[in-house]
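As a basis for the values below, the full set of heavy atoms in this structure was taken, side chains included, without hydrogen atoms, waters or symmetry mates. Protein chains get the first letters and strands the later ones, always in sequence-line order, with residue 1 at the start of each.
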Amino acid sequence: MARYNPKEAEPRQLARWAAANTFLTKADPQKPKYYVLEMFPYPSGRIHMGHVRNYAMGDLVARFKRARGFNVLHPMGWDAFGMPAENAAMERKIHPKGWTYDNIKNMRGELQRLGLSIDWTREFATCDPAYYGQQQKWFLNLLKHDLVYRRESQVNWDPVDMTVLANEQVIDGRGWRSGAVVEKKKLTQWFMRITRFADDLLEGLSTLERWPDKVRTMQANWIGKSRGLKMRWRFDGAAPEGFADGVEVYTTRPDTLYGASFIALAADHPLAHAAAEQNPALADFIASLNRGGVSQADIDTAEKQGFDTGLRVAHPFIDGQTLPVWVANFVLMDYGTGAIFGCPAHDQRDLDFARKYDLPVREVVLPQGADADSFTVGKDAYTGPGRIFRSGFLDGLEIEAAKDAAIDRIESMGLGEGATVFRLRDWGVSRQRDWGCPIPVIHCETCGVVPVPDDQLPVTLPEDVTFDVPGNPLERHPTWKHVKCPHCGKDARRETDTLDTFVDSSWYFARFTDPTATEPINKQAADYWLPVDQYIGGIEHAVLHLLYARFITRALNHCGYLDVKEPFAGLFTQGMLTHETYKDAKGQWVEPGDIEVETVDGQRVARRLSTGETLSIGDVEKMSKSKKNTVAPEDIFDTYGVDSARLFVLSDSPPERDVQWSTSGVEGSWRFTHRVWDLFDSLPEADVPCANEAVALDLRKAAHKAVKAVTEGFEGFRFNAAIAKLYELVTTIRTNDISVVGSQARRDALELLAGLIAPVTPHLAEECWTRLGKDGLVAEAPWPHFDPALAQDDAYIMPVQVNGKRRGELLIRVGATEDEIRDAALADEAVKRHLDGVSIRKIVFVPNRILNFVVG
RNA sequence: GCCCCUGUGGUGGAAUUGGUAGACGCGCUCGACUCAAAAUCGAGUACCGCAAGGUGUGUCGGUUCGAGUCCGACCGGGGGCACCA
């Protein structure tokens, strides 16, 4: 008997899998395929516990499906472009490339140590020219299909770092890195036309049955489809130059047109600019709005501000009534038409604005039960249901009917049409950065934007760039951007913007199907493998990454690269890893590695090992470096072995929920691995006749029931519940076996157990498999199957209720009739007591479940 | 403000469709082994009660023979979106 030694066993099994090429995958149309993918990691340098959980889950699914007879694709790669590499380059005066590939090498080793059933021959990094070169190819194809375009747009510009910032990188109006006040700047940027697929991306959500509802809802909200009316308001008097048709507004409430009391324009609206040309005060007002902060806090607290342009428009339905045209800070240029009509009585923002500037408030929707003569709004706009009144031809209609009627009337007057508007905007993909995929075009003064010819791809990044000054190193590079126009041969300029790294991660799953293809996608391979059957990753990607990937898949489909439109048939969003936090007397965070927690008089007390001081125990929070509540996977692997770590992150909580890391928890998993090994290690070499057939049958039944339960649990992503069944089976084999040790029944139960634990603790499972005398690998063995007859009990306990209260229980043999069960219940002492002196009005009998006497 | 999720012992959580609430793990208590400790093994562990019995899944109400599960209102926790017309 030897204690299980993961340090010895784990490398041994890794070597066996590698030698047997167990996880190499080939397309095989004869076999059903299953594509399991976990969101690929950013090569930050080290793996963390979150990775361990993510990849342990994917590996469980991959190994389980492989055993179930599927041809499984389970690849791994690196989302390797991005800012952290540039920051490291800046700090260490090195090139991002070296830093990134060093990190990949290190993290690959750590992931391989985890024993993941990955086909490493398919590995790539998005910063490999072989990958991003293919990305450039399809990018140009999208350009040809008008799915990529350039336009001027307003961006958050950091004047110190000389770069565009995403909205979430602007904090209190300042750049998150430089602290400089962010400017609004117009810049010509590259965009992807995601809005062309807005409707399709929304519709497609309903086909994604194996996605969490939460994610589908979030995407639907993000796409934000609304139906309404685009209509033009004619000017009263002379129209400003270029606005002869009037000003176009978008509304979802055409039913409230009779309540309109003003028009409001966004500060950047062309009409606002036109009006400002004649009006210096208005020009000042617009300029002041552009200086305002852009942070969420600023927007939340900003007071409504407006400026009357002096222009007036005519109401389409009310002869002789005119409305003033204002410029207002709460109107957004990039939603709808950048102009609205204000109906203060039924929109809170309009009401706030109207009260401040003393504009009329006209109620036109009457809530049920309100009095038409006296109904008025005060500080709160009325946005609920009701009937339209004071509204001419709309009077008496419900809101929805009134919307239709108003749209019909505006359309017949030739002033507008019903319209669908999306919140979704086109995707700005330009980044003024070095460490990203170069946008493969050349700007020529004569020929304009010229795609880089196919035979000159990939456009690779120069390696002699410097990061000692802010701004885009590609822009500063002495020679890189100076090229000849491929069209006319004159001096031209290479595009120095690189692509948003979200582009890189929007098609990698397709590239994995044949990572060496000479075209972006090997269609035959993609047709076989796609869509991904099970995608696993964090909820934080619910919108951006998952929406971009769905869009790019449609775009690639549109250009003929792919047959599928949806990349991920099944999505699972796993929870995060959390840990208790600890602080010393000075309020400094303390790492868990230096802490021992004990229970003293029922109170948990944390003590710092290095100094002995007592620490305060804080909340359980997401593992993060800043709170120092992380644990290093490598340390855990060294202490408990990889299998214990994998087991714990899967066993303690449902996979979609956060799991709290604890030393005592992983020790429980560690104990389990030893208990399992002891069962196998103590098995006699030769079979011994069974001493007790009844006990042996019980053992067989327990094993087959466990196979059934674990199979269902793995299938349904209830890993924690399935693992609990494994614990039960192990306990059963350990405790009920005295008379069957060495028997075939026990050997059979252990063989089933080895198969069941293989997806969770694969190294241990192989050790056990070998100990059973099996020649091959459990990783290549078919999934344990159960005999339904054995997985079923032949007797069960049925509770007996009187008036719904449990009063007794009966041991019932399978196949007993209702009459037999009822008679047995009536003979039961405890039941009899409660039926004494009352009459039975009704008997509720649910086979295998319950017997309930209803008495009166 | 709008939308979504969630609330079960000391604790993480079980309870496929309404049918024995608390599986399994952690912690704790007691015991075995040990000079002792650790490790390991065994027993116990929702609450009240000596017991019979009673009470219990955030609160209040409803549907039902029967509710953790379904419905309504409220309270707490978490997440997403947000001057989106």
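Aromatic ring centres of F648(A) and W670(A) lie farther apart than the 6.0 Å criterion allows.
Counting non-hydrogen atoms under 4.0 angstrom, G336(A) reaches nothing in the nucleic acid. Across all strands shown, S664(A) has heavy atoms under 4.0 Å from sugar-phosphate atoms exclusively, and none from any base. Counting any heavy atom pair closer than 4.0 Å across all strands shown, Q660(A) reaches no nucleic acid atom. Contacts of I797(A) with the nucleic acid, taken as non-hydrogen atoms under 4.0 Å apart, include base atoms. Within the nucleic acid shown, Y727(A) comes within 4.0 Å of sugar-phosphate atoms alone, with no base atom in reach, counting heavy atoms only. Here V249(A) lies out of heavy-atom contact (under 4.0 Å) with every strand. Here D350(A) lies out of heavy-atom contact (under 4.0 Å) with every strand.
As rounded to the nearest Å, C47(B) and G10(B) have C1' atoms that lie 13 Å from one another. The separation of G19(B) from U11(B), taken at their C1' atoms, amounts to 29 Å, rounded to a whole angstrom. The C1' atoms of G66(B) and A21(B) are separated by 14 Å, rounded to the nearest whole Å. Between C24(B) and U34(B), the distance separating the two P atoms is 30 Å to the nearest Å. Straight-line distance between the P atoms of G44(B) and C26(B): roughly 16 Å, to the nearest whole Å. For the P atoms, the distance from U40(B) to A51(B) is 34 Å, rounded to whole Å. Comparing the same atom, P, in A46(B) and in G9(B) gives a spacing of 13 Å after rounding to whole Å. The same atom, P, is picked in G31(B) and in G76(B); the two are 47 Å apart, to the nearest Å.
Of the side-chain N and O atoms in R423(A), one or more sit less than 4.0 angstrom from OP1 or OP2 of A82(B). Contact between the side-chain N/O atoms of R657(A) and the OP1/OP2 oxygens of G13(B) is found at a separation under 4.0 Å. The phosphate of G19(B) has neither OP1 nor OP2 within less than 4.0 Å of any side-chain N or O from N848(A).
With hydrogens and angles ignored, no donor-acceptor pair closer than 3.5 Å exists between the side chain of Q348(A) and the base of G1(B). For C24(B), its base never sits under 3.5 Å from the side chain of K725(A) at any donor and acceptor pair. One N or O donor and one acceptor, one from the side chain of R425(A) and one from the base of C84(B), sit under 3.5 Å apart.
A donor-acceptor contact shorter than 3.5 Å links the side chain of Q219(A) to the backbone of A542(A).
Base pairing analysis places G42(B) opposite C30(B); the two distances defining the Watson-Crick or G-U wobble pair are each below 3.5 Å. With both pairing distances under 3.5 Å, G53(B) is matched to C48(B) as a Watson-Crick or G-U wobble pair. Nucleotide C65(B) forms a pair with G19(B), judged by Watson-Crick or G-U wobble geometry with both contacts under 3.5 Å. Under the Watson-Crick or G-U wobble criterion, with both distances below 3.5 Å, C24(B) is paired with G12(B).
Mapped onto RNA chain B by nearest heavy atom, I723(A) and Y796(A) fall at different nucleotides, with Y796(A) at the one closer to the 5' end. With RNA chain B read from its 5' end, the first of the two nearest nucleotides for L332(A) and M798(A) is the one closest to M798(A).
Side-chain proximity of M218(A) to the nucleotides G80(B), A85(B), G13(B) is greatest for G80(B). Here G12(B) is the nucleotide among C65(B), G12(B), U20(B) with the atom lying nearest to any side-chain atom of S653(A). You'll find that the side chain of R807(A) is closest to G54(B), out of G54(B), G27(B), G19(B). The side chain of R718(A) sits closest to A15(B) out of A15(B), C83(B), C3(B). Among the nucleotides U40(B), C41(B), A21(B), the one closest to any side-chain atom of R734(A) is C41(B). When distances are taken from the side chain of N329(A) to each of A85(B), C3(B), C83(B), the shortest belongs to C83(B). Listed nucleotides C24(B), C83(B), A15(B) differ in distance to A724(A); the shortest reach to its side chain belongs to C24(B). Distances from the side chain of Q801(A) to the nucleotides G19(B), A85(B), U20(B) place G19(B) closest. Considering only side-chain atoms of P654(A), the nucleotide from A82(B), G54(B), A14(B) that sits closest is A14(B). Here C24(B) is the nucleotide among C24(B), G19(B), G27(B) with the atom lying nearest to any side-chain atom of E728(A).
Base orientation at G25(B) is anti, since its O4'-C1' glycosidic dihedral falls outside 90° of 0.
Counting only N and O atoms by type, the side chains of T581(A) and N629(A) include no donor and acceptor under 3.5 Å apart. A donor and an acceptor atom, one from each side chain of S226(A) and Y250(A), are located under 3.5 Å apart.
When each of F262(A), F307(A), F353(A), F285(A) is paired with W326(A), the ring-ring contact (aromatic ring centres under 6.0 Å, His included) condition holds for F353(A) and for no other.
A salt bridge does not link D678(A) with R675(A): every distance from a Lys NZ or Arg NE/NH1/NH2 to an Asp or Glu carboxylate oxygen is 4.0 Å or more. A salt bridge does not link D347(A) to R253(A): none of the charged side-chain nitrogens sits closer than 4.0 Å to a carboxylate oxygen. Ion pairing of E667(A) with R671(A) is absent here, as no side-chain N (NZ or NE/NH1/NH2) approaches a carboxylate O to less than 4.0 Å.
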